[in-house]
Amino acid sequence: MSNRLQLNPNRLFSPDPTIRQIATELYDSIKGLPIVSPHGHTDPAWFANNNAFSNPTELLIQPDHYVFRMLYSQGIRLEALGLGNSKEAQLVDPEAVWQIFAENYYLFRGTPSRMWMDYVFAEVFKIDVALDAHTASHYYQVIAQSLQQEQFRPRALFDRFNIEVIATTENPLDKLQHHQKIAESDWTGKVLTAYRPDNVLDPEQADFAEQIGKLSDISGETTTDYQGYLNALQNRREYFKRHGATSTDHGHLTPFTANLSDAQASKLYDKAMLGQVSAEECELFRGHMLSKMADMSVEDGLVMQIHPGCYRNHNKEVFAGFGRDKGADLPMPTEYVKNLKALMDKHGNNPDLQVILFTLDETTYSRELAPLAGHYPSLKLGPAWWFHDSPEGMKRFRQQTMETAGFYNTVGFNDDTRAFMSIPARHDVARRIDAGFLAELVADHRLRLEEAHELAVDLTYNLVKKAYKL
Amino acid sequence: MSNRLQLNPNRLFSPDPTIRQIATELYDSIKGLPIVSPHGHTDPAWFANNNAFSNPTELLIQPDHYVFRMLYSQGIRLEALGLGNSKEAQLVDPEAVWQIFAENYYLFRGTPSRMWMDYVFAEVFKIDVALDAHTASHYYQVIAQSLQQEQFRPRALFDRFNIEVIATTENPLDKLQHHQKIAESDWTGKVLTAYRPDNVLDPEQADFAEQIGKLSDISGETTTDYQGYLNALQNRREYFKRHGATSTDHGHLTPFTANLSDAQASKLYDKAMLGQVSAEECELFRGHMLSKMADMSVEDGLVMQIHPGCYRNHNKEVFAGFGRDKGADLPMPTEYVKNLKALMDKHGNNPDLQVILFTLDETTYSRELAPLAGHYPSLKLGPAWWFHDSPEGMKRFRQQTMETAGFYNTVGFNDDTRAFMSIPARHDVARRIDAGFLAELVADHRLRLEEAHELAVDLTYNLVKKAYKL
Amino acid sequence: MSNRLQLNPNRLFSPDPTIRQIATELYDSIKGLPIVSPHGHTDPAWFANNNAFSNPTELLIQPDHYVFRMLYSQGIRLEALGLGNSKEAQLVDPEAVWQIFAENYYLFRGTPSRMWMDYVFAEVFKIDVALDAHTASHYYQVIAQSLQQEQFRPRALFDRFNIEVIATTENPLDKLQHHQKIAESDWTGKVLTAYRPDNVLDPEQADFAEQIGKLSDISGETTTDYQGYLNALQNRREYFKRHGATSTDHGHLTPFTANLSDAQASKLYDKAMLGQVSAEECELFRGHMLSKMADMSVEDGLVMQIHPGCYRNHNKEVFAGFGRDKGADLPMPTEYVKNLKALMDKHGNNPDLQVILFTLDETTYSRELAPLAGHYPSLKLGPAWWFHDSPEGMKRFRQQTMETAGFYNTVGFNDDTRAFMSIPARHDVARRIDAGFLAELVADHRLRLEEAHELAVDLTYNLVKKAYKL
C-alpha cells in the first residue's frame, strides 16, 4: 500500500518546543504575504497567451533540470525522459516518462526538489497519496485532468498563487512581445522583464558578431563601432525599462570588472567583432562591459544582478546531444574582492547604484561577500542561489552572512525558476527557513520577539521590494 | 580516584527527545548489520598468519598517526614514543610509551580518536575505568593479557567484529601472497585486495624507472615502451582481480586528468623513464594515466577511487628521521570541475564506470562534488575522509552534499584505517551519525520515518555493496 | 513606547533544556574568572593618563569600524558621523551622530556589535531601555554623565572589568612612553605592549626607507645594511620585552615564508632601500623577514602571532578621504600549507617556538590550520578573528578545528579590540559560546561533565596564559 501524502504544518521547523513555537508564530504572520518574485525564468508567453499546460511530464519533468539531472546521474538516459530531438525522445510516451520519475522518486529524498514537488502535488493538485510506482498512473491522470481546467491556466494560477509581481529574464534581442501583449490585455497580473545582455557582451561566443548585428537591427543603432554598440545597449535598456524592467542580470563566468579607456575598449571591440580576441582579451572585455553596465545603471536606475561562477555545459556529450540547461552546469571557486575592485573604485560608494551579488561558492559568504556588502553602499547580497536554494543552503547563507552584513544588506528571496508550479513551494520553504532561523535567535535571546516579527516581514516582503525597486 | 569508563547508549545523538527517540530507533535497526569495509589499510599478513598481536603500544599507538601526531604537536618527541630507528626509540619500554599516552589522553578530548579508543577499551577489552595516569598500568596489563588469548587473534576478532568483507590496499608490485594464503586456508573470512598503482604512475618519484623495472619483472611484460607499460599495468589489474580486487585507488596530488594521444603519451613515458621530465610533465603524465586507468576500468569493471589533495610528508625533518605516514600529511585546496573534465569527456556518461571521489577540502562538497555526482552517471561520492571522518565532519558531509547529490549518489562508509581494533568503533560512529542525521530529517518532516528506515540500511549496507561490487 | 533592555541570563545558550542546564553550570564556573587579553588595540595613553573619556560618540561610535561600516553600507555618509577632517565632519554635533546611530540601531540585529553594545549599555552604564530613536537622547545624557565620574575613568574601569592583564600593540618606532608611565605609576594594572613590525618589514610601502631611517634613530643601530637592520629590529624587540612584551604580531598579506641566504637577503634589502623592488621581491622579502622574526623568537622567546589574509583599504575613495581602519579591509582566500613550509622547515619542530596562527578565511580551519596545529609542535591556533569573532563564527571555529587539533592546540580568546568598553562583553560572549559548545559535547556524551569543567577553565584562562607566557 502506498503512503499518504500529507504536508506537516511544522515541516522545516526545529522539533525543540521553544524554537518551534516561536517559528510557528513568526511563520503564521508571513505565510499569507503576497509573492514578490524579482528574478526568474518563467515564460512570459504563458501569461500572454494563457493556454492550458500540456501534460504532467511536459510541465513538471522535462523543463526541470534539477529533476532530470538526478535521474540522469543514476543512469537513466535523457532520451528515455523524452529530452532531445532524437527519434526515441520524440516517440516517448509522456506517461511512461512519468512512470520512470515515480519509480525513482526515492532518489530525491532529502533534496529540495522532493519538498517542492510534494508541495505542488498536495497543495496545487490536492493529491493525498505519496508518489511511487503504484500511484504514478493516478498522479498522471489527476494532474492531466486538472490542467484541462480553467483554474489551472497560467493566469488563474498566477492569481491563486498570490503573486504580486514576477520578473522574467530576456536578452536585449528579445522584442518583448509577450510582455506587450500582457500589458495590453485586461488581465492585471504584473509580469516584468529583466535585461540580461550576456549574449551581446561576451566575445568568446562563436556568433558574437552575428548577435551584435541583430542588436543593431533591433535597436536601430549602428554597431560597427564601440560607441554605437554602447548606444545600442543603452537603447535596449530603455526599451526594457518601458516594459517594466527594474533590473539587469549578468551571468559572467567570473565577477571580474575592469575600467578601460574608451580607446582601449574601442580597440578591443573592433578585434572582438573580427573574432580576433584571445581568451584573456575576452575576459577583459567582459569585465569592462560589466563596469559599463554599472555606468548605465547609475544613469537609468536599473538594479544590477551579478550571478557569476558557473562552468556552463560541462558535459560535452550532453551539450552536443541535448543543448544547454541540461543539468551539466557546475559551480567553480569564485573570487570577489579583487574582481570587483575596478567596479567599486568607480561606483562602490554610490548609494544610488544597487548591485546584488550572488554566488555558487559558499566559501565567499563569510570571507568576501558579507564583508563587502557590510561596507559598500552600492552592494547587497542576493539570497542562496541555485544548488544552495535549499533548507541547509539557506541556513548556511544566514549563519555565514548575518553577523557581518546584517539582515538589511540582503534582499529577500528569489525563486529564480522556470518551474512555475513550484513558485509557491519555493517561497514557502524560504519563509519557513527564515522563520525558523529567526526563532533560534529569539530562543537564545539574540533578538526580541517583536524584532523577529519585524524582520520576518522585511525578509519576506519589504527588502525585496526596496532592493528591486518594485 | 579515576573515572568510570562507560559508553553511553545515546552517545552522538541529539539530546532533543524527539530526535533522540527517532535516532535510537533507526540506530537499533542497523547497529547489528555486518561490517562492509571496502577501503582500508589493514595488513593482510595478520589474517594470513593469524599471529597474536604483540603488545598494547605496538598495536594501538605506534601505528596510529592520529594518535602520535597529537602527542607530537604538544611537544612529545617521536623517539620517546618508540618511533623511528634511533637507539633511543629501539630501547624504549612499550609500557613507558603507554604511560605517556595515558598521561596525555586528555589532549584527545573532542577528537574521534578519543571516541574510537574508548570504544576499543570498553567493547573489545571490557575495561571499565577511564584511561589516565593512574589507570595506565591496569590498562596495559589487561590489554597485554588479552592479546595472548586465542579470541584476540586477528581471525577471531575479524569474526567477532562481524566483518562481512574487508579490502586491503596493495601496489601492483605486491605478490599478494597473504591474500593467496588466506584464500587457501580453511578460514572463511573475506579479505580482498585493492589495486593502488601510485608508485608506478608517478614519474616525479626518484626511483620511478626502478619501480617500472620491477613492474616488468612481476608482470612478465616488457616495459621499455609505453604500450608494454600499459600491458603490464593491465596484467597486474587482472592478477589483483583474481585475488578479489573490485577496485583501484589513486592518491594523486590533484584530480587532474588528461587525454593524450598515444604518441604524446609514449614520448612522455620515454622521458619519464630517463628521468627527464619537468614537474608539469609529471602532472600531465599522472593526469593522462588516471584517464587511462578509467579506460581499463571500463574494460575490466574495477571501481576507481580517487583520493586527491594531500601534501605528503610536509615535515622535512620528521620525514628524514622517521619516514612516511608520520602525521605530517596536510590537506590542500583541491579543484575537481576543471581537473576531471578530460575524464568526464571520455567516460563521464558511462553508467558502467564507477568513479568514487574523495576530498580533504570540504569546500568542494557543496560547490563541486555534489553538483558533479548529481549529474554524471559515472561519479559517486565517497564518505567524509581522513581528518573529516569524525562526527562533525560526517555531519558536514551530509548537510553539504545531500541536497544536490541526494543520498543515492553516495557510497556508504569507509573506515580507511590500519587500526584494526578500531574498525567496529569507526563503523559505529558512522551509523550513529547517519541515524542522527536521518532522525533530524524525520523530526522536521523532510522524510517519513519508513523512508529513514530504508535509508539507514542503504547507507550502512546496500550502497557500499553496490558501489564497490561486493 | 520603547522596549526594555534586559540581558537574558540564558542568552546564547541552546533552548534545549539538557544543553542549557549544562551550559549554565559550566558558564557559572567561569564567568567570574579574570580577563586575560593578550592581543588588542586599546590605547595605552588611556591608562597612562587616566583622563575621562570625552563623550558617547567619540567613545563608542567614531573609533568602532564595526559600527560605522554598517551605517556606511546603508548609505549614511562618514562625514555625517563626524569622521574625517572635512569641515562638515568637524562641525558635526556628537549628539546628532548618536541620534543617527540610534535610529539605525536595528541594522545591527543579529550582529555581534549589537550584543556587545547592549552589554555595554546594560552592564557598564546600567541603562534599562532599549536604544532607539526615542531613547537616543536619554542614552546620550546617561553615558555622558557617567563618563564624568571617577569610576568611569580608564583605570577604574580596567579594575572593575577584572582585567588581569592586557596587551596593546605598537610598532618598533614607538617609544612606549605610555607603558613607561604606567609602570612608574602607583597603579597596579598590567598593561603590556606587543611588537608589531609590519611598517619596517614591508618594502612595498612608499615610505619604507624613511621608516627604516627612523628605526635607525630609535635603535641607535646603523641600518644602511642588512645586518644593521637585523640588529635594529632585535634591539627594539629587547626594548619591547623590557616593557612587558611577550609577543610579536605580523599582519602580512599572506603567510608566505622564505629562507634566503644572507647574501640574497642583503641584496634584496639594498634594493628595497632604494625603492627598486618588484611586487614579487617585496613578497619574498616579507616572507624572508617573517622567517627571520621566528629566528629571533627562538632566541628571545617572544611568541609570534600571524594575522594574514586581509586586503587593506580596499575602498580607494574612503582611504583617500578618511584614511585607514575605516571598515574597508576585506578578507581574501589564504593558503597556509605551502606558505608556511619554509618556516616549518626551519623551526616547525621546535616546541620552544610558539607561533599562533589566525585566519579570515574559514575554509582553512578544517583543511589546513587544524591539520597543521595538530602536528607541528611550534604551531597553535588563535581564536576566531575579526569578522568571525561572533557567536556563529566561534561555533564554526570549534566545530571545524576541535576534531583534528583538539582543544589544547588552541590558545583561548583574544578580544583584539580598540573598543575598551566592549572588552567584558566580548569575553562574555566567548565564555558563553565555549560553555554552550562544551555542553553539547556533554549532552551527546562525547565528554564527561568533569572534563568539560576542566576545559571551560582551560579555554577561558589557562591556555591563554600558557600560550602567551603571561
Side-chain angles (χ1 to χ4, degrees), chain A residues 14 16-20 22 333 335-338 340-341 344-346 348-352 362-368 370-380 398-409 437-448 450-452 454-455 458, chain C residues 3-4 6-17 20 65-66 69-70 72-77 104 106-115 130 309 311 314-318 326-334 359-363 386-393 395-396 432 436:
Chain A
S14 165
D16 177 89
T18 309
I19 298 174
R20 180 169 285 190
I22 304 167
E335 198 280 339
Y336 292 84
V337 167
K338 288 182 183 168
L340 290 174
K341 183 77 169 79
M344 291 300 100
D345 282 352
K346 213 169 174 191
N349 296 290
N350 185 344
D352 296 330
E362 294 180 300
T363 70
T364 63
Y365 284 158
S366 75
R367 188 181 57 215
E368 298 168 52
L372 279 162
H375 168 66
Y376 280 106
S378 60
L379 295 180
K380 298 280 177 292
R398 289 281 176 223
Q399 284 162 348
Q400 295 174 25
T401 64
M402 171 190 70
E403 296 183 315
T404 292
F407 288 105
Y408 290 91
N409 283 308
F437 184 75
L438 292 169
E440 288 188 34
L441 298 180
V442 174
D444 74 4
H445 308 288
R446 280 188 267 182
L447 286 180
R448 292 189 303 270
E450 69 275 9
E451 293 181 296
E454 215 175 288
L455 275 163
D458 288 340
Chain C
N3 289 290
R4 291 189 60 193
Q6 211 174 13
L7 303 184
N8 190 293
N10 286 321
R11 65 192 182 280
L12 293 175
F13 297 154
S14 165
D16 178 89
R20 180 169 284 190
H65 53 69
Y66 290 82
R69 85 191 300 272
M70 176 65 88
Y72 186 67
S73 79
Q74 288 278 318
I76 296 166
R77 295 163 53 254
N104 290 282
Y106 72 96
L107 296 175
F108 295 91
R109 287 170 180 163
T111 68
S113 295
R114 152 71 182 271
M115 226 171 318
Y311 191 127
H314 188 271
N315 192 320
K316 198 168 73 168
E317 193 178 319
V318 164
K326 289 297 170 292
D329 297 340
L330 295 168
M332 295 193 309
T334 307
T359 199
L360 292 176
D361 179 354
E362 293 181 300
T363 70
W386 196 338
F387 297 106
H388 312 313
D389 172 11
S390 62
E392 298 301 324
K395 284 184 214 171
R396 287 195 292 271
R432 287 175 178 275

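Atoms considered below: every heavy atom in the structure, side chains included; atoms not considered: hydrogens, waters and symmetry mates. In what follows, chains carry the letters A, B, and so on, assigned in the order in which the sequence lines appear, proteins first and then strands, with residues in each chain numbered from 1.
Residues A/Arg446 and C/Arg114 come closest through the heavy atom pair O-NH2, 4.1 Å. Scanning all heavy atoms of the two residues, the minimum distance from A/Glu403 to C/Pro112 falls at O-CD, 3.3 Å.
Between A/Leu340 and C/His314 the shortest side-chain heavy-atom distance does not fall below 4.5 Å.
Taking the ring pair (Phe, Tyr, Trp, His ring centres under 6.0 Å) definition, one finds that A/Tyr336 meets it with nothing, sequence neighbours left out. In this structure C/Arg77 satisfies the salt bridge (Lys or Arg N to Asp or Glu O under 4.0 Å) test together with C/Glu79, C/Glu88, sequence neighbours excluded.
No other option in C/Asp361, C/Thr363, C/Leu360 has as many heavy-atom pairs under 4.5 Å with chain A as C/Asp361. Each of C/Thr334, C/Leu7, C/Asn8 has some count of heavy-atom pairs under 4.5 Å with chain A, and the biggest count is that of C/Asn8.
When heavy atoms are compared at a cutoff of 4.5 Å, A/Pro377 approaches chain C by way of both its backbone and its side chain. Contacts between A/Ser366 and chain C at a heavy-atom distance below 4.5 Å involve backbone atoms as well as side-chain atoms. Heavy atoms closer than 4.5 Å to chain C are found nowhere in A/Glu440, neither backbone nor side chain. Contact of A/Asn349 with chain C is made through backbone and side chain together, with heavy-atom distances under 4.5 Å.
With C/Arg396 contributing its side chain and A/Gln399 its backbone, the two residues share a donor-acceptor pair below 3.5 Å.
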